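Working notes, beginning with the structure itself.
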Amino acid sequence: MLADAAQKAGAEIRYRHVVTAVDVTGEQPVVKVRADDGEEYTVTARYLLDASGFARILPRLLELERPSDFPVRGALFTHIEDHIAHGEMDRQKILITVHPEHNDVWFWTIPFSNGRCSQGVVGTPEYLSQYQGTEVERLRAIIAETPSLAKVLRNAVWDMPGRTLTGYSANVTSLWGKNFALLGNAGEFLDPVFSSGVTIAFKSSSLAAKCIERAWNGEAVDWQADYAVPLQAGVNTFRAFVSGWYEGGFQDVIFHERHSPEIRRMISSILAGYAWDTANPYVAEPQRRLNVLRELCQRDAKALVA
Ligand SMILES: Cc1cc2nc3c(=O)[nH]c(=O)nc-3n(C[C@H](O)[C@H](O)[C@H](O)COP(=O)(O)OP(=O)(O)OC[C@H]3O[C@@H](n4cnc5c(N)ncnc54)[C@H](O)[C@@H]3O)c2cc1C
């Protein structure tokens, strides 16, 4: 089962201690583990938090997996010695580039401090499978179709093997149960486009830690009200932006010629991670406000053309 998980996540990791079974029905949760020398042992704790990411150990063992609402997408990625010329990219920011013909195909270029970048592309499996060769060859072929990015990366040295990951969006039927909770990607993973994954993982850990602290202090904890609902609120805010991105409407907003500084500030704040700040009108009503904004931008674009 873990081998499946690792394979699904594209990981080459083999863990020395593998969780083979979990029992959460008793007074305390019990985890059964097999070491690589074959020895089996159990671990009992007061509470079980699953932070296993794409391995999704508890969702698999407890059959909590639920397909994501998002269609299956895949990514090809690697690290490069980027040699991006000074002034061609702000190294304090992530560069997101959209394919000139397919607006659901997009690239990330994430600069590191040492002159290297994480470089990747996201597209449907059908789109990505049109390209032949190694992961790096396929990635470079897609970049070659995108002149603005090809120009930025024209001197890059492709010195590392690439990797591929498909079907990473995932969901669960419940984020918690008796004596356990799912953190980060072990719960739900939306999409890499707005780098929400690490933000959501940290938020889930901080909410869960508070719940456990309260429980240990003898207070009653309602995991649905105190953990799942508040976590889901921010996830749903991100979800509205991710859906809007792939449906194209949010791209119309981002690439519109005219920007309201105030709206730009509110949206940037969410995408920077403040997706739980209900004082922000775009957090309070993300879907409705995005719909209105998209309509305004599309109408305005028509007026500008006319
Ligand atoms: C293509 C792609 C690009 C992304 N880009 C970004 C980005 O730019 N910014 C961003 O914020 N997020 C990004 N994400 C999402 C981000 O990587 C995850 O959402 C985030 O890492 C989730 O954190 P986590 O702690 O839940 O899981 P992880 O970071 O995956 O951590 C899980 C840990 O558990 C370990 N583990 C698993 N099974 C076992 C086991 N049996 N025994 C011991 N250890 C185990 C793993 O080795 C790993 O260290 C991207 C995701 C994808 C798919």
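Please read these numbers as outputs of a predicted model, since none were measured by experiment. Start at 1 and go down the list; that is how both ligands and their atoms are numbered.
Listed by number with element, the atoms of ligand 1 under 4.0 Å from a non-hydrogen atom of Ile110 are 8 (O). Within the listing of ligand 1, atoms 37 (C), 38 (N) sit less than 4.0 angstrom from a heavy atom of Ala55. The Ala51 neighbourhood of ligand 1 comprises atoms 32 (C), 33 (C), 34 (O), with distances under 4.0 Å to a heavy atom of that residue. The atoms of ligand 1 that sit less than 4.0 Å from any heavy atom of Leu165 are 53 (C). Remark: ligand 1 atoms within the under-4.0 Å shell around heavy atoms of Gly184 are 26 (O).
The distance criterion of under 3.5 Å between nitrogen or oxygen atoms is not met by Ser196 with respect to ligand 1. Considering backbone and side-chain atoms together, Tyr168 places no N or O closer than 3.5 Å to any N or O of ligand 1.
For the pair Val18 and ligand 1, no heavy-atom separation below 4.0 Å is found. Ligand 1 lies out of reach of Gly120, whose nearest heavy atom is not under 4.0 Å from it. Assignment of Val19 to the shell around ligand 1 is not supported, since no heavy atom sits closer than 4.0 Å.
Relative to atom 1 (C) of ligand 1, the option among Phe202, Trp108, Tyr15, Phe54 with the closest non-hydrogen atom is Trp108.
At a threshold of 4.0 Å, the pair Glu213-Lys210 does not count as salt-bridged, since none of the basic side-chain nitrogens sits closer than that to a carboxylate oxygen. For Asp36 and Arg16, the salt-bridge test passes: some basic side-chain N is under 4.0 Å from an acidic carboxylate O. Taking the charged nitrogens against the carboxylate oxygens, Arg239 and Glu188 do have a contact shorter than 4.0 Å, which makes a salt bridge. Salt-bridge formation is detected for the pair Arg91/Asp82: a Lys NZ or Arg NE/NH1/NH2 atom is positioned less than 4.0 Å from an Asp or Glu carboxylate oxygen.
Contacts between Ala201 and ligand 1 below 4.0 angstrom, taking non-hydrogen atoms only, involve the side chain exclusively. Neither the backbone nor the side chain of Val122 comes within 4.0 Å of ligand 1, counting heavy atoms alone. Counting heavy atoms under 4.0 Å from ligand 1, residue Ile57 touches it through the side chain alone.
Figure legend: Arg34 and Tyr41 shown without cation-pi pairing, the cationic atom not lying both under 6.0 angstrom from the six-membered ring centre and within 45 degrees of its axis.
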Check step by step if salt bridge (charged side-chain N to carboxylate O under 4.0 Å, His left out) holds for Asp23 and Lys32. CA-CA 8 Å; Asp23 183 357; Lys32 202 167 165 190; over 6 Å; no
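Under 3.5 Å, the side chains of Gln224 and Trp176 contain a donor-acceptor pair of N or O atoms. Glu145 and Tyr131 form a side-chain donor-acceptor contact under 3.5 Å, judged by distance and modelled atom types alone.
The environment of CZ in Phe112 is crowded: more than 12 heavy-atom neighbours from other residues, nucleotides or ligands sit within 6.0 Å.
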